[in-house]
Trainee: 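Supplied in C-alpha cells, the structure appears directly below.
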Amino acid sequence: RLHIFLLITIMRVLLILLAIFSSVSAAKSNYPSSSTLKSPQRSFASFDKKVSTKKAPTALGLDTLIHQRGGSSTEATTTVAMSKEAAGLPPAVKLLIGAGGIYGAFLYYGSLQEDVFRYTAEDGTQFKQAWFLQVLEALANVLVGFVGMQLTGATKGIPKKAFAISGASQVSAKACTSLALANGLSFPVATLAKSGKMAPVMLGQLILGGATYTMREYLQVAAIIGGTAVVSMGKKKGSTSSSSALGVAYIVLSLVLDGVTAGFQKQLKEETKKAGVKPKPYDFMFHTNFYMCITAIIISGALGEIGSGLAYCTANPEIFSKIVKFAVCSAVGQSFIFYTIANFDPLILSTVTTTRKIFSVLLSIFLKGHSLSPTGWSGIALACSGILSEMALKMGGKAKPH
C-alpha cells in the first residue's frame, strides 16, 4: 500500500509539473515572435485585430498538427491557434485531461497485458495466442477510429497502400512484444527494452543514411540497453531461462520492426503529401489499425490461433474479460494521445509517454511480485536515467532557435 501511495504521489507531482510547463509555454506563445512580426513594438490591439480577420481551417491532419506545433507554423495558423486557446479550456486543464487519460489508459493497459500472459488456467495451460490478441486490440481501435472519423469527417484520397505497409509493420512489432511476454520475458524488462527503440533507428541511419550522432545520444541508448540487461540479470533465475532467451529474441525483433516501421511511417507522410491530402487524427487511427487488423487476422488464421484463442477464452472467461479491457484501454489511450497532439507541442506527448513507461515498470515491480536484487535496481536506475536523458535532450533541442 505504501508503494501504491508513493506511485500515485509521484504521478500527481508529475502532472502538476507538466501543467506548469505547459502553462508557461502557452504564455510565451501568446507573444508574437520577431520572425512572425516585422516590428516587435506592435501593439496587442493590432495583433488582436489580425487574429479576428483570420479564418480557421476546417480540418487539421495529424502531420499538420505536429508540424505546426514544432515551431514552423505560419502567422495565420499561429494566430488561429492562439484565438482557439483563449476561447477553450485553460492549458493546465487540457493537459490534465490528455496526460491523465494517457496515464490511466496505458498504465492499466500494461498491467492487463502482463496479466494476460501470466495467466494460468486450472489445467496449467497459458495464453500464447499473441496474434489473436492483436486482432482484438486492432479491432477495438478500428471501431473507435471509425466513430471518430465519422464525427470529424473522413478524408478522401488517402493512399491506402502506404497505410497497409505501415500497419503491417506496426502490428508485427506489437505482436513480437506480446510473443516476448508469452515466452517468459518479464514485463519490466520488455518495457525497458522497448524504450531503447532508438537503437535500431540509429543503426539503420548510420548504415544507410550516413547520419551522425552525438556522444550523449550514444550514451543514452547504451544506458537503456545496458540497464535493461542488468535488470534481466538482477532477477532470480528460475526454470524459465530457455523461454526467456526466446523472449529476448522476440523483443529484439520487435525493436528491429520498430525501426522499419519508422521508415514506413516517413514514407506514409511523403505519400500523403504527394497525394495532396491531409489525414486527420482519426483517419490515421482508423486506416492504420484497419490494416493492422487485416494483417493480424491473416497471420493468426494461418497459425490456427483464431480457433485456439477463442476456445481458450471460452474455457477461461476470466482471461477473456482481461483481453476485452486490454483492447478498450488501447483504443481509449490512442484517443487521448490524439487529443494531446491536437492541443500541445509533440514534446509534451513525448514527456508523458516516456514517463508513463517508467511508471509502468515500477507498478509492475511493486504490484506483480517481481523480486529484484540491488543489481537489478541499479539496472532500473541506469535505464531510467537514459530514458530521462533522452527526454531532456529533446526539451533542450526544442528550446533552441530554428
Side-chain angles (χ1 to χ4, degrees), residues 109-138 169-197 199-200 224-225 227-261 292 295-296 298-313 315-316 318-320 322-323 326-327 330 357 360-361 364-365 368-372 376 379 383:
Y109 170 93
S111 178
L112 288 166
Q113 185 178 28
E114 184 172 11
D115 288 343
V116 166
F117 289 106
R118 294 183 67 183
Y119 179 83
T120 302
E122 292 182 359
D123 59 359
T125 58
Q126 292 184 308
F127 184 82
K128 300 288 186 180
Q129 293 81 0
W131 282 101
F132 174 68
L133 180 67
Q134 293 308 313
V135 171
L136 299 179
E137 181 183 355
S169 176
Q170 190 170 335
V171 75
S172 298
K174 290 174 70 69
C176 284
T177 300
S178 294
L179 285 167
L181 296 174
N183 284 278
L185 192 68
S186 71
F187 181 82
V189 172
T191 304
L192 288 174
K194 288 287 286 183
S195 298
K197 63 176 63 178
I224 296 172
I225 296 175
T228 303
V230 171
V231 172
S232 63
M233 291 186 295
K235 293 189 64 179
K236 294 182 178 179
K237 295 185 178 181
S239 59
T240 59
S241 57
S242 59
S243 296
S244 294
L246 184 57
V248 170
Y250 274 121
I251 205 67
V252 170
L253 180 57
S254 179
L255 286 170
V256 172
L257 288 169
D258 280 334
V260 173
T261 301
M292 289 174 67
T295 303
I298 294 173
I299 296 178
S300 61
L303 296 175
E305 289 191 3
I306 294 180
S308 61
L310 287 173
Y312 192 89
C313 291
N316 302 278
E318 182 181 353
I319 194 173
F320 183 67
K322 292 181 183 293
I323 290 175
F326 166 81
S330 175
K357 292 178 183 178
S360 291
V361 170
S364 176
I365 292 172
K368 305 297 182 180
H370 296 287
S371 57
L372 288 178

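Positions are given from 1 along the sequence. Note: hydrogens, waters and symmetry copies are ignored here, and every other heavy atom, side chains too, is used.
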Trainee: Once rounded to the nearest 0.5 Å, what's the spacing between atom CH2 of W131 and atom CD1 of I298?
Mentor: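 With rounding to 0.5 Å, CH2 (W131) is 10.5 Å from CD1 (I298).
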
Trainee: Nearest 0.5 Å, please: how far is OG1 in T177 from CZ in F117?
Mentor: 10.0 Å

Trainee: Would you indicate whether the side-chain heavy atoms of S172 and Q134 approach each other to under 4.5 Å?
Mentor: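 The answer is no, as the side chains (C-beta and beyond) never meet within the 4.5 Å cut-off.
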
Trainee: Any donor-acceptor pair under 3.5 Å linking the side-chain atoms of S308 with those of Q129?
Mentor: yes

Trainee: If every non-hydrogen atom of K128 is compared with every non-hydrogen atom of L179, which pair is closest and at what distance?
Mentor: O-CD2, 4.5 Å

Trainee: Determine the minimum heavy-atom distance between S254 and A173, stating which atoms define it.
Mentor: OG-O, 2.8 Å

Trainee: Verify, without hydrogens or angle tests, whether S330 (side chain) and F326 (backbone) share a donor-acceptor contact under 3.5 angstrom.
Mentor: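 No, because the side chain of S330 does not come within donor-acceptor range (under 3.5 Å) of the backbone of F326.
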
Trainee: How many angstroms lie between atom OH of Y250 and atom CG of L253, to the nearest 0.5 angstrom?
Mentor: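 Interatomic distance, Y250 OH to L253 CG, rounded to 0.5 Å: 8.5 Å.
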
Trainee: Just jot down the side chain to side chain contact (heavy atoms under 4.5 Å, CB included) partners of A327, sequence neighbours excluded, or say none.
Mentor: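 For A327, the residues satisfying side chain to side chain contact (heavy atoms under 4.5 Å, CB included) (neighbours in sequence not counted) are A140.
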
Trainee: Using side chain to side chain contact (heavy atoms under 4.5 Å, CB included) as the criterion, list what pairs up with N316, not counting sequence neighbours.
Mentor: Y119, A121, Y312, I319

Trainee: Kindly determine whether F132 and L310 satisfy side chain to side chain contact (heavy atoms under 4.5 Å, CB included), including the steps that lead there.
Mentor: CA-CA 9 Å; F132 174 68; L310 287 173; 3.7 Å; yes

Trainee: With a 3.5 Å distance limit and no angle check, can you tell me whether T261 reaches the backbone of L257 through a side-chain donor-acceptor pair?
Mentor: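 The answer is yes, because a donor-acceptor pair under 3.5 Å joins these two groups.
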
Trainee: Which heavy atom of L255 sits nearest to which heavy atom of K194, and what is that distance?
Mentor: CD2-CA, 3.9 Å

Trainee: Return the set of residues passing side chain to side chain contact (heavy atoms under 4.5 Å, CB included) with T120 (not counting sequence neighbours), or none when no residue passes.
Mentor: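 Only Q126 meet the side chain to side chain contact (heavy atoms under 4.5 Å, CB included) criterion with T120.
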
Trainee: Suppose we screen for side-chain hydrogen bond (donor to acceptor under 3.5 Å, both in side chains). Which residues come up paired with S364, at least two apart in sequence or across chains?
Mentor: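 side-chain hydrogen bond (donor to acceptor under 3.5 Å, both in side chains) check on S364 returns E114, H370.
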
Trainee: Using the side chain to side chain contact (heavy atoms under 4.5 Å, CB included) criterion, which residues pair with T191? Sequence neighbours excluded.
Mentor: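 Scan of T191 (side chain to side chain contact (heavy atoms under 4.5 Å, CB included), adjacent residues dropped) gives F187, K357, V361.
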
Trainee: How close do V260 and S169 get, counting heavy atoms only, and between which atoms?
Mentor: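 In this case the closest contact between V260 and S169 is CG1-OG, 3.9 Å.
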
Trainee: Do you know the tightest heavy-atom contact between A193 and I251?
Mentor: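 Here A193 and I251 meet closest at CB-CG1, 3.9 Å.
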
Trainee: Quick one: closest heavy-atom pair of A130 and S178, and the distance?
Mentor: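 Smallest interatomic distance, heavy atoms only, reads CB-CB, 3.7 Å.
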
Trainee: If a pair satisfies salt bridge (charged side-chain N to carboxylate O under 4.0 Å, His left out) and one of its residues is in residues 299-313, list it, with sequence neighbours excluded.
Mentor: none

Trainee: Rounded at 0.5 Å granularity, tell me how far CD in E137 sits from NZ in K174.
Mentor: 4.0 Å

